[in-house]
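Predicted model, so just to flag it, every value in this text is computed and none were measured. The sequence lines fix the lettering, A, B, ..., with proteins before strands; numbering per chain opens at 1.
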Amino acid sequence: MINKIVPTLDAAIDGIEDGATVLVGGFGEIGTPNLLLGALLRRGTRNLTIVTNNAGIGDAGIAALLREGAVRKIVCSYPRSAGSIWFEEVYARGELELELVPQGTLSERIRAGGAGVGGFYVRTGVGTALAEGKETREIDGQTYLLEQPIHADVAFIRAHSADRWGNLVYHASARNFGPVMAPAGRLTIAEVARVVPLGDLNPEHIVTPGIFVDRVWSENHD
Amino acid sequence: MTEDLRNAIARRAARLLPDGAYVNLGIGLPTLVANYIPPDREIIFHSENGLLGLGPAPDESNFDPEMINAGKTPVTLLKGGAIFHHNDAFLMIRGGHLDYALLGAFQVSSRGDLANWATLGDNKAPAVGGAMDLAAGAREVWALMEHVTRTGAPRILDTCTYPLTAAGVVTRIFTDLATITINDGLIVEEMADGVTFDYLQSVTGAPLRVR
């Protein structure tokens, strides 16, 4: 019998090693799997590369990992937000490598990683500082940049409901990067608000099919 | 810039959006445009975090902490609104499905180059978000901005001095002093009350002409 539901946060993050590349879902603090991130922090995992849209706000989640020096590199589109104090401090100290990626390119690079696509061309960023060092190509009379896929050891995402096969549905704008990142992690772990019996999720409404999800941890256990 | 001037810029831009347009509003000044859509028009607002059909700010009865816009502010969805994932949100942007992106700007050049993501000389980390995707992908890009800097220097220039977001994309500029179309140079469409052409030219770093 397939049962991807794990009983504890420690079981959810088991096997994640120092130096791992971790995709982290969320846009701002919405849809961010802060409970999984907190577990990783408590276990003392170090030297992480975090791929995510923002760089943490306040003192939870990514911000806490940055504060404790657990992150070597961050790949993101918008690291500076109101309240991103730990990012700013660690970056100013020169202790964090930043790879800045336009948001749509970041999303598409993650999609490519999960989709078996070896790269793609976009017009985003042509003629800007973020094009430096990238191959360009003329296609139908327009200049495009070659962008590379992002492969990750782990994807942390947050969803609303899951079943034991790992099928996921999301709530409101917390969907954001979850469905994009789920296929891109060699190990994908979903933090969810609740688990429902197999068959309760309408197949027409499932957003992330369970094939992309390895483990599910629910914050509400019966 | 006073709140009145910011609202006046937003009102002028809102008036020119046609019925049925799909529009992305950038963070800051452009978000005010939503307040001034004439009542006879349906405009569908897009948000980069996966929403179409953004409605007004919520009240206590319809507040959902997980329903936010690109500025991370709580929003509502109108009837007919849709939720989708990030890759689809940027497929819409990059694939030319949005009719308009209304963006804030530090500088715009007379060729339509846009600089709105990084300034020079501060040691802070850069942040780009969806600015380059919107600038490169929307069918039309309108820049909403203050006409001059805090020290009175022009922001509309022959050549941008700040790092570019995209080259040759801006088709209209809305400032506190004027509405300017970019079409083989800068064409003044409208000036604010009390503004003369000579004054406007004196605070603009590239040649202006009238239609």
Neighbour count above 12 (heavy atom, 6.0 Å) for [X] [atom1]:
| X | atom1 | value |
| --- | --- | --- |
| A:Y78 | OH | no |
| B:E190 | CD | yes |
| A:D140 | CG | no |
| B:L78 | CG | yes |
| B:F84 | CZ | yes |
| A:R93 | CZ | yes |

Given that the side chain runs from C-beta out, which part of [X] has a heavy atom under 4.5 Å from chain B: side chain, backbone, both or neither?
| X | value |
| --- | --- |
| A:V207 | neither |
| A:F87 | side chain |
| A:A92 | neither |
| A:F177 | both |

Let me know if [X] has heavy atoms under 4.5 Å from chain A in its side chain, its backbone, both or neither.
| X | value |
| --- | --- |
| B:I68 | both |
| B:D88 | neither |
| B:T165 | backbone |
| B:P126 | both |

* Asked: Looking only at heavy atoms, which two atoms of B:E66 and A:A172 are closest? And how far apart?
  -> O-CB, 3.3 Å
* Asked: So, for B:D133 and A:Q103, which heavy atoms are closest and what is the spacing to 0.1 Å?
  -> OD2-N, 3.3 Å
Mind checking whether [X] and [Y] have side chains closer than 4.5 Å, heavy atoms only?
| X | Y | answer |
| --- | --- | --- |
| B:M132 | A:T128 | yes |
| B:K72 | A:N54 | yes |
| A:Y91 | B:K124 | no |
| A:S173 | B:N69 | no |
| A:L130 | B:W117 | yes |

* To do: With sequence neighbours excluded, give me every side chain to side chain donor-acceptor pair (under 3.5 Å) pair touching residues 174-186 of chain A.
  => A:D153-A:R186
* **Closest-packed option against chain B by number of heavy-atom pairs under 4.5 Å, given A:A131, A:A55, A:P102, A:A82** => A:P102
* Could you list the residues that satisfy side chain to side chain contact (heavy atoms under 4.5 Å, CB included) with B:N87, not counting sequence neighbours? => A:S107, A:E108, A:R111, A:V180, B:H85
* Asked: Highest number of heavy-atom pairs under 4.5 Å with chain A: which of B:G129, B:G137, B:A115?
  -> B:G129
* Structure fact -> Looking only at B:A127, B:A136, B:A70, B:G130, the option with the highest number of non-hydrogen pairs under 4.5 Å against chain A is B:A127
* Do we see a donor-acceptor contact under 3.5 Å between the side chains of A:N53 and B:H86? -> no
* **Verdict with reasoning, B:D64 to A:H171, per side chain to side chain contact (heavy atoms under 4.5 Å, CB included)** => CA-CA 10 Å; B:D64 179 339; A:H171 176 71; 2.5 Å; yes
